[in-house]
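Have a look at the structure below before the remarks.
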Amino acid sequence: MEQCAMSRLIVISNRVSAGGGSQGGLAVALSAALRENGGIWFGWSGNETNEFTGHINFQRQDGVTTATVDLEAQDIDEYYNGYANRTLWPLFHYRIDLAEYERSFAGGYQRANERFADTVLPLIEPDDLIWVQDYHMFPLGKELRRRGVKNRTGFFLHIPWPPRRLLLTLPEARELVEGLLEYDLIGFHTDEWLQSFCDYVREEMGGTLDDDGVLNVGSRSVRLIACPVGIDAREFATLASSDKASETYKRLHESAVGRTLIVGVDRLDYSKGLEERFLGYERFLTEHPEERKEVVLLQIAPPSRGSVDSYQRIRSTLEGLAGRINGAHAGLDWVPIRYVNQGYPRDMLAGVYRACKVGLVTPLRDGMNLVAKEYVASQDPADPGVLILSRFAGAAEQMSEALLVNPHSAEEISDSLLQALSMPRQERVRRWETLMAGVQTQDIRWWLERFTDALRRTAVPA
Ligand code: GDG
């Protein structure tokens with residue numbers, strides 16, 4: 001056991017964070033763990049090469065070693081843009097209407113994972129803990145086992161696990177699940193995603209879950225844990241009072257000329273419910289004419305995955321919708337939606353969160369949703385804003401003091417906006433204190449330690 005606590009960590013994920021100031025909270029925490037335990041962060045470089053060679057580019061930055069590999073255009077097309085972004089992402093967010101099932105995607109996904117396994121194999125030492133991140137790499141554990149790796153291996157899923165009947169639409173569902181069962185530990189954000197996974201294994205493969213959270217199926221035993229990811233709450237609270245945040249706060253505040261700001265911050269993705277959010281807000285403007293001109297919705301939506309059709313479609317739909325709503329409601333000195341297709345540095349973002357009295361976080365499905373937590377962590381304790389949160393975000397399991405809404409219902413979004421805008425300060429403070437306590441306690445360090453401790457405690461594979 002003691003020897004185990006000294007183990008190095010091998011983190012494997014599709015993309016590897018290069019370090020430096022632009023890292024998100026998750027990357028900062030993984031880097032910190034790698035610095036403390038020693039080890040390597042391995043993954044795709046994000047670059048294309050003419051022919052895959054398995055050449056590893058090592059870099060050492062801020063005490064962390066990263067090892068990255070380039071992929072061929074066909075791998076990027078089939079594995080990343082294909083299976084990961086066009087098949088698994090929509091399906092796992094309950095959008096089988098958008099999921100594309102192509103044998104070439106599945107083949108490319110398997111091939112890329114075999115290439116990752118071949119490349120990372122020589123870097124693994126006998127006592128290392130191996131921690132694989134996310135849906136790009138379901139088969140990697142199995143591929144490592146096939147190559148003789150005996151180490152403890154854990155997998156963490158950052159997105160939802162879909163209900164069994166939806167998963168059954170995927171031709172390779174069973175193969176993927178069998179691959180996952182080769183890990184020693186699987187982490188999910190919520191009990192709901194964990195239960196969906198169990199349901200598939202129980203119903204389709206005859207597995208059983210014992211009282212200790214160990215799933216037994218055939219000769220395999222895998223520990224399952226719900227381990228909700230958090231943010232670096234302290235860092236965000238500090239960022240929120242930085243010069244850059246104060247400057248942003250002031251700019252926004254002045255530009256609002258006494259109106260209340262409502263904010264949404266999301267990658268431009270159909271899972272985030274942006275269209276439904278705009279429609280809910282429009283409903284609010286129509287149902288409560290007295291509140292019109294008193295509010296402004298600021299939607300920050302940096303584009304993502306622009307080479308996938310469904311992302312191009314959502315982008316143009318939203319542009320049309322924002323244009324229509326603004327056209328119908330705007331006056332000479334007021335525009336109801338400020339729709340911004342660009343990202344901002346994290347310190348500015350903290351200032352934005354703090355300047356906005358309502359955080360509108362309404363994904364249709366989300367593994368967790370960190371924006372909800374960042375919004376809470378950035379608030380002024382004496383005069384905090386109100387978080388409106390989708391029931392279908394993983395974060396809702398922990399954040400019951402938010403105003404929880406059904407993001408598909410324009411009426412509920414409209415009602416909750418009215419409730420948030422008229423909420424007395426005392427109630428805002430009371431709800432915020434509870435939310436903030438949760439965000440601080442179950443923060444990113446807590447998540448990291450909970451997962452790695454569980455991984456250390458798993459039995460050494462036979
Ligand atoms: C996946 C799962 C799960 C956004 N705009 C800007 C910006 N962001 C940052 C936010 C936040 C992050 O991006 C988004 O995280 P989310 O959790 O909200 O969503 P996904 O990107 O879909 O992440 C999700 C997560 O993995 C972790 O497990 O919670 O469910 O889908 O940190 O602040 N950051 C900056 N400028 C922006 O304009 N700097």
Side-chain angles (χ1 to χ4, degrees), residues 11 13-15 17 20-30 84-85 88-95 131 133-136 155-162 187-190 192-193 226-233 235-236 239-240 242 244-245 248 263-274 298-305 311 314 338-354 356 359-378 387 389-390 392-399 439 442-444 447-448 450-451:
V11 173
S13 59
N14 174 55
R15 293 299 293 276
S17 168
S22 63
Q23 279 186 317
L26 188 66
V28 170
L30 288 170
N85 287 343
L88 295 178
W89 178 272
L91 169 63
F92 278 58
H93 287 87
Y94 298 41
R95 293 296 301 268
W131 186 6
Q133 310 280 331
D134 231 359
Y135 61 100
H136 309 86
F155 179 89
F156 190 85
L157 183 68
H158 288 266
I159 63 174
W161 186 272
F188 302 87
H189 284 307
T190 66
E192 185 179 349
W193 314 142
C227 186
V229 76
I231 61 163
D232 187 337
E235 183 221 4
F236 243 90
L239 280 180
S242 66
K244 198 78 189 155
T248 310
V263 70
V265 176
D266 311 78
R267 272 189 311 101
L268 219 172
D269 192 297
Y270 48 78
S271 67
K272 302 294 182 184
L274 291 162
L298 168 63
Q299 178 62 56
I300 297 178
S304 73
R305 306 178 191 171
Y311 287 76
I314 173 96
R338 286 188 205 168
Y339 178 47
V340 186
N341 273 149
Q342 118 182 22
Y344 291 92
R346 285 158 66 73
D347 47 2
M348 282 182 79
L349 211 54
V352 170
Y353 288 140
R354 201 174 176 110
C356 297
L360 193 51
V361 184
T362 54
L364 304 181
R365 270 310 142 184
D366 219 329
M368 171 53 60
N369 192 294
L370 295 178
V371 169
K373 296 184 175 183
E374 292 167 1
Y375 178 77
V376 166
S378 305
L387 174 67
L389 178 62
S390 162
F392 306 134
E397 227 174 68
Q398 294 169 295
M399 304 183 89
V439 169
Q442 301 192 337
D443 69 353
I444 187 75
W447 171 77
L448 198 120
R450 185 172 154 77
F451 189 89

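As the structure lists them, so they are numbered: ligands from 1, and atoms in each ligand from 1.
- Phe156 and His189 have perpendicular rings, their planes meeting at more than 60° on a 0 to 90° scale where under 30° would count as parallel.
- Residue Pro302 approaches ligand 1 through these ligand atoms, each under 4.0 Å from one of its heavy atoms: 5 (N), 38 (O).
- Checking side-chain atoms of Arg450 against main-chain N and O of Pro228 turns up no donor-acceptor pair under 3.5 Å.
- Across Leu370 and Met368, no two heavy atoms sit closer than the pair CD2-CG, 4.2 Å.
- Atoms OG1 and OH, on Thr248 and Tyr344 in that order, are 9.5 Å from each other to the nearest 0.5 Å.
- Atoms of ligand 1 lying under 4.0 Å from any heavy atom of Glu374, numbered from 1 in the order shown and given with element: 10 (C), 11 (C), 32 (O), 33 (O).
- Close approach of ligand 1 to Arg346 (heavy-atom distance below 4.0 Å) involves ligand atoms 39 (N).
- Asp269 is linked by a side chain to side chain contact (heavy atoms under 4.5 Å, CB included) to Trp89, Arg267, Ser271, Lys272, Arg305, Tyr311, counting only residues two or more places apart in sequence or in another chain.
- Only the side chain of Trp89 comes within 4.0 Å of ligand 1, judged by heavy-atom distances.
- For Lys272, a nitrogen or oxygen atom sits less than 3.5 Å from a nitrogen or oxygen atom of ligand 1, counting backbone and side chain alike.
- Below 4.0 Å from some heavy atom of Gly343 lie the following atoms of ligand 1, by number and element: 37 (C), 38 (O).
- For Leu26, the heavy-atom gap to ligand 1 stays at 4.0 angstrom or more.
- When Asn369, Val340, Ile444 are ranked by how near their heavy atoms come to atom 29 (O) of ligand 1, first place goes to Asn369.
- Ring-plane geometry between Tyr375 and Tyr353 is classed as perpendicular, the angle between the planes exceeding 60 degrees on a 0 to 90 degree scale with a lower cut at 30.
- The N/O atoms of Met368, backbone and side chain alike, include one that comes under 3.5 Å of an N/O atom in ligand 1.
- Every atom of ligand 1 with a heavy atom of Val265 under 4.0 Å away is listed here by number and element: 4 (C), 5 (N).
- Interface atoms of ligand 1 facing Arg267, defined by a heavy-atom separation under 4.0 Å, are 20 (P), 21 (O), 22 (O).
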Determine, stepwise, if the pair Leu26 / Trp447 fulfils side chain to side chain contact (heavy atoms under 4.5 Å, CB included). CA-CA 10 Å; Leu26 188 66; Trp447 171 77; 3.5 Å; yes
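- Listed by number with element, the atoms of ligand 1 under 4.0 angstrom from any heavy atom of His158 are 2 (C), 3 (C), 24 (C), 26 (O), 27 (C), 28 (O), 30 (O).
- When heavy-atom distances to ligand 1 are checked against a 4.0 Å cut-off, Leu349 comes that close only through its side chain, counted from C-beta outward.
- A donor-acceptor contact shorter than 3.5 Å links the side chain of Asp134 to the backbone of His158.
- For ligand 1, the atoms closer than 4.0 angstrom to any heavy atom of Val371 are 10 (C), 18 (O).
- In terms of N/O distances under 3.5 Å, ligand 1 is approached by Gly367.
- Ser390 places a side-chain N or O within 3.5 Å of a backbone atom of Pro363 that can act as its donor or acceptor partner.
- An N or O contact shorter than 3.5 Å links Leu370 to ligand 1 by distance.
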